[in-house]
Amino acid sequence: MGLLAWLKTQFVVHVLIGFVFVVSGLIINFVQLCTLVLWPVNKQLYRRLNCRLAYSLWSQLVMLLEWWSCTDCTLFTDQATMERFGKEHVVIILNHNFEIDFLCGWTMCERFGVLGSSKVLAKRELLFVPLIGWTWYFLEIVFCKRKWEEDRDTVIEGLRRLADYPEYMWFLLYCEGTRFTEKKHRVSMEVAVSKGLPVLKYHLLPRTRGFTTAVQCLRGTVAAVYDVTLNFRRNKNPSLLGILYGKKYEADMCVRRFPLEEIPLDEKGAAQWLHKLYQEKDALQEMYNQEGVFPGEQFKPARRPWTLLNFLFWATVLLSPLLSFALGVFASGSPLLILTFLGFVGAASFGVRRLIGVTEIEKGSSYGNQEFKKNE
C-alpha cells in the first residue's frame, strides 16, 4: 500500500476533510445569506452569485469522487446528444438505486459546467439538514412533503419561478420517489399489478405527478428530458464512506435525449409516456446485467481541475490556522484545553458522520413501504 492509499484510510484525514467541508459550507451559507439583499434589486445577479457559491461547496464532494477515489464515469449516448450537454435547460430522470447516484449526477454536471445551477425536486426534510438544505434554499430548490394535496401549489409556484433562470440548469427528478429496496419494490409491484401496469424488475413504480407537473410548468424553458440509467461495473454497490476511503468505482450511465415536444401535453398522456419510459429503463438494466454494457457510443468526459483547486483553496485557508491552534493547545500542556480540543474533534467527526448518513440506503426514509398502497 502506497503512502497516498494509506492516508485515504486514516480517520484523522477524514476528519480534516470533513472539517474543511463543514466550515467552508458555513462560510458559504453566511455569504449566501448576505446576498439576499440583492434579490429585490437584481434577482439575476443574486442567482448567478449563488450558483458560484453553491459550486464552491458541491465541488468538494465531486472532488472526492473524481480526484480522491478516482472513480471513472462513462457515458453511453450519441454524439448529437453529447454536443448539447450544458447548452440547454433540461429535466433529468435518474434511477434511485445507489447511495452515490446523486454524486455521479453531480460529476457530470460539473464536467459540463452546470453544477452550480443544478436543481432537484427534494423532500422537505432535507431543507433542515445543515449545509445541504441551507444551500439549496438559496438556490431556489423546490421542496415537497410528498403529499400531493399539500405540495401542489408549492411545487407549481417553485417551478414557475425558475422559468427565467439565467444559467443553464439540469433539473433532477427521482420519479420513483425514494431509493430502491427489496421491500419497497415488493410493495410497489403489488400496486403495479392492481393498476394493470407492467411489472418492473429493477425500478419502483414511477410517481407521475411530479414529472407531469414539472413538464407542464417548465414548457418554454426546458428543451428536453434526459433519461439517465446508472449502474456500476462488477455489481458494485458503492457508498459515500467507500469514496471517503478512496475506493475506486466504475460508473456507467446511459443517457437518452427526448425533446420536450415528444411528451404529450395532457397529464394522462405524459403519465403514460413516463410509465413506458420506465419499462425501457428496466430493459436497459436487464441488458446491462447480461452484457455488462449499455447501448450507444462510449464517452469519457475529462475531469476538470477546478474541483481540486477549489478544495485546495479551502484546505489552505482553513487547515493552516487549525493546525497552528492544535499545536498551541498541545504545547500548552493544559489538560482542560487538550480535552476541550479533543471534544471538538469528536463532535466534528460525529457531525460529518451524520451528514454522510443522509445518503445511506439502510437509513433512508420509510416512504414507499406503505405509501405505494395509496392512490397518487
Pair [X]-[Y], side-chain donor/acceptor within less than 3.5 Å:
X    : Y    : result
E250 : T71  : no
E110 : Y55  : yes
N95  : Y202 : no
D252 : Y288 : yes
D101 : Y174 : yes
N289 : E286 : no

Please answer whether the main-chain N or O of [Y] pairs with a side-chain N or O of [X] as donor and acceptor at a distance below 3.5 Å.
X    : Y    : answer
T35  : Q32  : yes
T135 : A54  : no
S239 : G242 : yes
T107 : C104 : no
H14  : K8   : yes
S117 : Y168 : yes
S320 : V317 : no

Test V142 against T154 for side-chain contact (heavy atoms from CB on, under 4.5 Å), laying out the working first. CA-CA 8 Å; V142 182; T154 302; 5.7 Å; no

Ring of W170, cation from K119 - is the NZ or CZ under 6.0 Å from the centre and inside 45° of the axis? no

Is it true that the NZ or CZ of K247 lies under 6.0 Å from the centre of Y245's six-membered ring and within 45 degrees of the ring axis? no

Do other residues, nucleotides or ligands put more than 12 heavy atoms under 6.0 Å from [X] [atom1]?
X    : atom1 : value
R219 : CZ    : yes
F299 : CZ    : yes
D266 : CG    : yes
K43  : NZ    : yes

Can F180 and H185 be said to form a ring-ring contact (aromatic ring centres under 6.0 Å, His included), step by step? CA-CA 7 Å; F180 183 101; H185 179 253; 5.1 Å; yes

On the 0 to 90° scale, with breaks at 30° and 60°, tag the Y46-W39 ring pair as parallel, tilted or perpendicular. perpendicular

Students often mix this up, so state it plainly: with edges at 30° and 60°, are the rings of W273 and F211 parallel, tilted or perpendicular? parallel

Ion pair check, [X] and [Y], cut-off under 4.0 Å:
X    : Y    : value
R186 : E182 : no
R111 : E66  : yes
D151 : K145 : no
R47  : E140 : yes
E167 : R52  : yes

Go through the steps for E176 and K184 under the test salt bridge (charged side-chain N to carboxylate O under 4.0 Å, His left out), then give the verdict. CA-CA 10 Å; E176 295 162 90; K184 293 175 183 177; over 6 Å; no

E88 and R257: salt bridge (charged side-chain N to carboxylate O under 4.0 Å, His left out), yes or no, with the steps? CA-CA 12 Å; E88 58 184 356; R257 182 183 184 275; 3.0 Å; yes

With the 4.5 Å side-chain cut-off for hydrophobic clustering, are I156 and L159 part of the same group? no

When rounded to the nearest 0.5 angstrom, what distance separates CG in L312 from CG in L308? 4.5 Å

I want to know whether W106 and F102 have ring centres closer than 6.0 Å. yes

Taking the six-membered ring for Trp, are F21 and F311 ring centroids under 6.0 Å apart? no

Out of the candidates L162, I92, V114, V90, only one should pair with M169 under the side-chain contact (heavy atoms from CB on, under 4.5 Å) rule; please name it. L162

Please say which of K281, R256, H203 ends up in a side chain to side chain donor-acceptor pair (under 3.5 Å) with T229. K281

With side-chain hydrogen bond (donor to acceptor under 3.5 Å, both in side chains) as the criterion, how do N310 and T307 come out once you've worked through the C-alpha distance, each side chain's angles and the decisive distance to 0.1 Å? CA-CA 5 Å; N310 174 75; T307 57; over 6 Å; no

